[in-house]
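Heads up: the structure comes next, in structure tokens.
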Protein chains: 2
Amino acid sequence: MKTRVNRSSLSQQAIDLLREQIYDHRLMPGQRLDEAVLAEQLGISRTPLREALKVLSAEGLVDLQPHRGCFVTELTLRDLEEIFPIMATLEGRVAHEVAAKRTAAQLKALDALHEKLEKHAAAGDVNRYYETNYVFHDQLQECAGNRWLQIVIGDLRKLLKLSRHHSLRLEGRLSASLAEHRALMQALHRQDADAAEQVMRGHLLAQLEALRELSLANEVVHG
Amino acid sequence: MKTRVNRSSLSQQAIDLLREQIYDHRLMPGQRLDEAVLAEQLGISRTPLREALKVLSAEGLVDLQPHRGCFVTELTLRDLEEIFPIMATLEGRVAHEVAAKRTAAQLKALDALHEKLEKHAAAGDVNRYYETNYVFHDQLQECAGNRWLQIVIGDLRKLLKLSRHHSLRLEGRLSASLAEHRALMQALHRQDADAAEQVMRGHLLAQLEALRELSLANEVVHG
DNA sequence: CTCCGGTATGTTGTATACAAAATATCGTAT
DNA sequence: ATACGATATTTTGTATACAACATACCGGAG
């Protein structure tokens, strides 16, 4: 018995579902998406599916080639090399803003999230650390109070989620990440905006460096 | 006789046309877009039109409310207050990069564009100055060689074009803008990356300040 | 007169059928 | 045997018809 009535449109549901499937690589980068097949799998017609693909294309998650078909976007290392510095700049700005104008309540909330990070790191639980880290950055952007900055960063983050590799997978990266978070929290407590910005930039660029190393290791194995 | 065969899809044509109409305010901010009416005007069916609206919605040019309708986005002064600092940061980064690694040929091309700016400013031709200024910034981003940075800045610029006001309309802003461009060119010649970044940030924030003043003047008149 | 509810109308959302374009297949000629 | 080209097939792009939802209008009760 279907108690839950689906409130949102089929195209919106398709967007959400496909995004998720792209993120966890059930739909693999480079894979071709046949409209008829996909529509059948989702149990909807091609009309709302095509609208969904247009949106995902605008987000950069798929590549929509006229009269040729739709393909899941493949991020190259070069893309990562370009995107991470932008993220570093933008998130650095967020950290700067928050350090300057955070309230006591906001700081408390961030402290609580940081505590979770400490705990998951101690337990060696990479997945939970990753999730909490995501929430932490999100919360920080919320504190910055710039809606458009949040949107831009969010858009880029969507793209980065296309990458198959997680920097936390690299040996030693987890503890390094935690150390960077500690430094950030200290800067926020001191209301040292410049330091917070610097730490955040370093945090993002360190992730890129980790991905570089992982990429190299991968090449050695596969290529 | 129609020699030119329209190669691109109707939905793509609709995207381009609507974007243009939104930019030059034939479609005004806040205006409701009735699918049936619009489709009739464009001489196409609702199917490709709806796909176009989805894309424009993802770009932020229209607001697509489920079951309610589609509305041209209205940018508030607050939006501008949020977006310009981001642009300042990103374009500042572009200036930094270009100053650091520009080639002689690139510098020459930029010089040529700057000369045009000087000419149009001297002639008091605001429209041509505006256009050339656009090309100049675009060229600069090209020189930076970061594709994603270009995309992000481009997305934000699309949004800013929604604004009805142009900062150059403000008394004295044209000459100030030119002065800032001169300072930028000098920094690029000197390969002074930090100075270039600073100048560019200031350039963008000065535009915001001009818009603030225009907005105030407008309130006095209308409100 | 105001407020509530039901019906009517119009607009958005979806499915299906058809057109056009690209790709694959197969036969023929060199 | 290979390369070229015409035809067949598949897939994308578009139009139309229908369903679902939201709103506006109208009538009646309090």
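Numbers restart at 1 for each chain; the letters A, B, ... are given by sequence-line order, proteins then strands.
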Practice problem: Under 4.0 Å between any heavy atoms, over every strand shown, what does Arg46(B) touch: base, sugar-phosphate, or nothing? Just pick one. | Solution: base

Quiz item: Do other residues, nucleotides or ligands put more than 12 heavy atoms under 6.0 Å from Glu40(A) CD?
Solution: no

Practice problem: Rounded to the nearest angstrom, tell me the gap between atom CG in Leu53(A) and atom P in dT11(D). | Solution: 15 Å

Quiz prompt | First encountered from the 5' end of DNA chain C, between Thr47(B) and Gly69(B) | solution = Gly69(B)

Quiz item: Quick one: Phe71(A) CZ to dT11(D) P, roughly how many Å, whole number?
Solution: 12 Å

Quiz item: How would you give the extent of chain A contacts on DNA chain C, as first and last nucleotide 5' to 3' within a 4.0 Å heavy-atom cut-off?
Solution: dG13(C) to dT23(C)

Exercise. Would you mind telling me which residue lines up with the more 5' stretch of DNA chain C, Pro66(A) or Ile44(A), judged by nearest nucleotide?
Key: Ile44(A)

Practice problem: Taking only Lys NZ, Arg NE, NH1 and NH2, and the carboxylate oxygens of Asp or Glu, determine whether Arg19(A) and Asp16(A) approach each other closer than 4.0 Å. | Solution: yes

Self-check item: Sorted by number, the residues of residues 27-36 of chain B with heavy-atom contact under 4.0 Å to DNA chain C
Solution: Arg32(B), Leu33(B), Asp34(B), Glu35(B)

Quiz item: CZ of Arg128(A): more than 12 outside heavy atoms within 6.0 angstrom?
Solution: no

Quiz item: Taking OP1 and OP2 of dT23(D), is either one under 4.0 Å from a side-chain nitrogen or oxygen of Arg68(B)?
Solution: yes

Quiz item: Counting heavy atoms not belonging to Lys116(B), are there more than 12 under 6.0 Å from its NZ?
Solution: no

Practice problem: Please check if any side-chain donor atom of Glu131(B) sits under 3.5 Å from a side-chain acceptor atom of Asn127(B), or the reverse. | Solution: no

Quiz item: Quick check: does any side chain N or O of Asn146(A) sit under 3.5 Å from a backbone N or O of Glu82(B), one acting as donor and the other as acceptor?
Solution: yes

Self-check item: Salt bridge present between Glu213(A) and Arg173(A) (N-O < 4.0 angstrom)
Solution: no

Self-check item: Atom pair distance, as rounded to whole Å: CG in Leu38(A) and P in dT11(D)
Solution: 13 Å

Practice problem: Would you indicate whether Gln65(A), at its atom CD, is surrounded by more than 12 heavy atoms from other residues, nucleotides or ligands within a distance under 6.0 Å? | Solution: yes

